[in-house]
Amino acid sequence: MHLISFEESYCLSTENAKSTVKFALNDSLRGSAFTTQPNGFSGLQIEGNNWSLEHHVPARNTFMKLDKSVNANTKLTVSQAVPNNKWFLAPNPAFKLVHSNALGSNSITDLHWDTLTRMGGVSTKLYSGDDNSYKAELGMHSKLGLKMTARAKLRKGAVHSVAATVGNKTPAQLNLKSRFAGDSLKLDTSYVLGVNVMKFEAKRIGEKPVDGGPRTTTTMEALVPMGKTSGIEPRVIIGIKLHF
């Protein structure tokens, strides 16, 4: 058994904190545990090469997942959620089928349906250009409706990529990803037009210590309402992660 990482995050506005530790039991068995303060929520997850089991307290929520390769281009995921220890709801699994190259050599099609919530959808991603620089995605969800996304990796100066998403039931969103200092500093910016909110996510990956100590990643997330009509409170979350 050895430690993989330890992460701590803190929200300046709500004063909520979360601690997460990830570990490996052996080459094929890994785990993670988290706890939050001051509400005292905790969770434990154990995962193998193609399965995972997770439980939360005091909410008593349980999540199970199994991945199965159907063939070289198709993967099936079966998952089961058991909220509030209500095991009489099982079995009501969710199914997700991901198929590559259905619409060409650079395409991914995703079909999913949750028998517990009676919701599902389908989405298709098409890629083109070197290193899949361009992506177009079209999706339909039984509750969220139609959604379309276009993304381009520009890699010009600090600008890494730009993207736009529109939907008939969800507000439009613009995304900008920036990279600085040889990708060691990343800044993701998004603006939700209908809600009038901007979100910033910054991550700085430290250099690997020469003495073999833990590598440090620092993060900051900020949610900034751009008008009084947004109805969203501003929020800033800072975090630090140690990679062992």
Side-chain angles (χ1 to χ4, degrees), residues 1-25 30-47 52-63 65 81 83-85 158-161 163 165 170-171 173-244:
M1 178 178 175
H2 67 272
L3 192 62
I4 297 176
S5 64
F6 174 78
E7 184 175 2
E8 184 78 22
S9 62
Y10 181 74
C11 181
L12 300 181
S13 56
T14 63
E15 297 185 350
N16 291 332
K18 181 178 181 180
S19 303
T20 305
V21 59
K22 295 183 179 181
F23 52 89
L25 298 174
R30 301 169 301 279
S32 64
F34 76 87
T35 182
T36 61
Q37 296 296 333
N39 53 28
F41 290 116
S42 301
L44 175 66
Q45 181 188 57
I46 300 296
E47 60 179 309
S52 66
L53 176 63
E54 185 173 354
H55 185 70
H56 296 172
V57 291
R60 301 186 299 172
N61 297 327
T62 303
F63 307 92
K65 186 176 71 171
N84 197 27
N85 215 25
V159 178
H160 179 266
S161 66
T165 301
T170 55
Q173 182 169 314
L174 304 175
N175 296 86
L176 169 66
K177 292 187 176 183
S178 306
R179 302 291 183 263
F180 307 92
D183 286 353
S184 63
L185 178 59
K186 302 180 180 181
L187 175 62
D188 295 349
T189 306
S190 61
Y191 177 55
V192 185
L193 278 70
V195 187
N196 204 20
V197 167
M198 291 199 72
K199 183 178 181 180
F200 302 92
E201 295 179 272
K203 177 189 292 187
R204 185 185 184 280
I205 304 175
E207 297 183 358
K208 190 174 182 179
V210 294
D211 59 359
R215 190 174 188 176
T216 303
T217 297
T218 53
T219 59
M220 185 187 74
E221 176 183 322
L223 195 65
V224 182
M226 303 303 293
K228 296 181 180 179
T229 59
S230 65
I232 296 178
E233 295 294 329
R235 183 181 66 192
V236 176
I237 299 176
I238 57 175
I240 185 171
K241 186 174 184 179
L242 303 178
H243 307 262
F244 298 95

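As a basis for the values below, the full set of heavy atoms in this structure was taken, side chains included, without hydrogen atoms, waters or symmetry mates. Given the structure is predicted, the values throughout are model-derived calculations rather than measurements.
Smallest separation of non-hydrogen atoms from Pro83 and Ala81: CD-O, 3.6 Å. Here the closest non-hydrogen pair linking Leu44 and Ala33 is CD1-CB, 4.1 Å. Arg204 and Leu185 make their closest contact through CB-CD1, 4.0 Å (heavy atoms, listed as atom of the first residue, atom of the second, distance). In this structure, Asn175 and Ser190 approach most closely via the heavy-atom pair ND2-CB, 3.2 Å. Across every non-hydrogen atom of Ile238 and Leu12, the tightest pair is CD1-CD2, 4.2 Å. Closest approach of Pro209 to Pro214, counting heavy atoms only: CG-O, 3.3 Å.
The CZ atom of Phe23 sits 5.0 Å away from atom CE of Met1, with the distance rounded to the nearest 0.5 Å. Rounded to the nearest 0.5 angstrom, Leu223 CG and Glu233 CD are separated by 10.0 Å.
Residues Gln173 and Thr165 have side chains that never bring a donor and an acceptor to within less than 3.5 angstrom of each other.
Side-chain contact between Cys11 and Arg235 is present, with at least one heavy-atom pair separated by less than 4.5 Å. Contact check for Pro38 versus Asn16: side-chain heavy atoms found under the 4.5 Å cut-off. Residues Ser19 and Thr35 are in side-chain contact: their nearest non-hydrogen atoms beyond the backbone lie under 4.5 Å apart. Under the 4.5 Å side-chain criterion, counting only non-hydrogen atoms from C-beta, Ile240 is not in contact with Glu7. Side-chain contact check for Phe6 versus Lys241: every heavy-atom pair is 4.5 Å or farther apart. The closest side-chain heavy-atom distance from Phe34 to Lys18 is below 4.5 Å. Annotation: side chain of Pro234 is in contact with side chain of Pro225 (closest heavy-atom distance under 4.5 Å). In this structure the side chain of Pro171 never reaches within 4.5 angstrom of the side chain of Leu193, judged on heavy atoms.
Among residues at least two apart or in separate chains, salt bridge (charged side-chain N to carboxylate O under 4.0 Å, His left out) pairs with a member in residues 183-203 are Arg179-Asp188, Lys199-Glu221. Sequence neighbours left out, the pairs with a member in residues 211-220 that pass side chain to side chain donor-acceptor pair (under 3.5 Å) are Thr217-His243.
Take Phe244 and apply the ring pair (Phe, Tyr, Trp, His ring centres under 6.0 Å) test, not counting sequence neighbours, and it matches no residue. With sequence neighbours excluded, no residue forms a salt bridge (charged side-chain N to carboxylate O under 4.0 Å, His left out) with Lys208. When the salt bridge (charged side-chain N to carboxylate O under 4.0 Å, His left out) test is applied to Glu54, no partner is found at least two apart in sequence or on another chain. Among residues two or more places apart in sequence or in another chain, the side-chain hydrogen bond (donor to acceptor under 3.5 Å, both in side chains) test is passed with Thr189 by none.
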List the steps and the verdict of side-chain contact (heavy atoms from CB on, under 4.5 Å) for Gln45 and Ser52.
CA-CA 7 Å; Gln45 181 188 57; Ser52 66; 4.2 Å; yes

Working for side-chain contact (heavy atoms from CB on, under 4.5 Å), residues Tyr10 and Ile237
CA-CA 5 Å; Tyr10 181 74; Ile237 299 176; over 6 Å; no

Checking Leu187 against Phe180 for the side-chain contact (heavy atoms from CB on, under 4.5 Å) test, could you report, in this order, the C-alpha distance in whole Å, the side-chain angles of both residues, the deciding distance, and whether it holds?
CA-CA 8 Å; Leu187 175 62; Phe180 307 92; 4.2 Å; yes

Given Asn196 and Tyr191, is the side chain to side chain donor-acceptor pair (under 3.5 Å) satisfied, shown in steps?
CA-CA 7 Å; Asn196 204 20; Tyr191 177 55; 2.6 Å; yes

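Here the side chain of His55 pairs no donor or acceptor atom with the backbone of Arg60 at under 3.5 angstrom.
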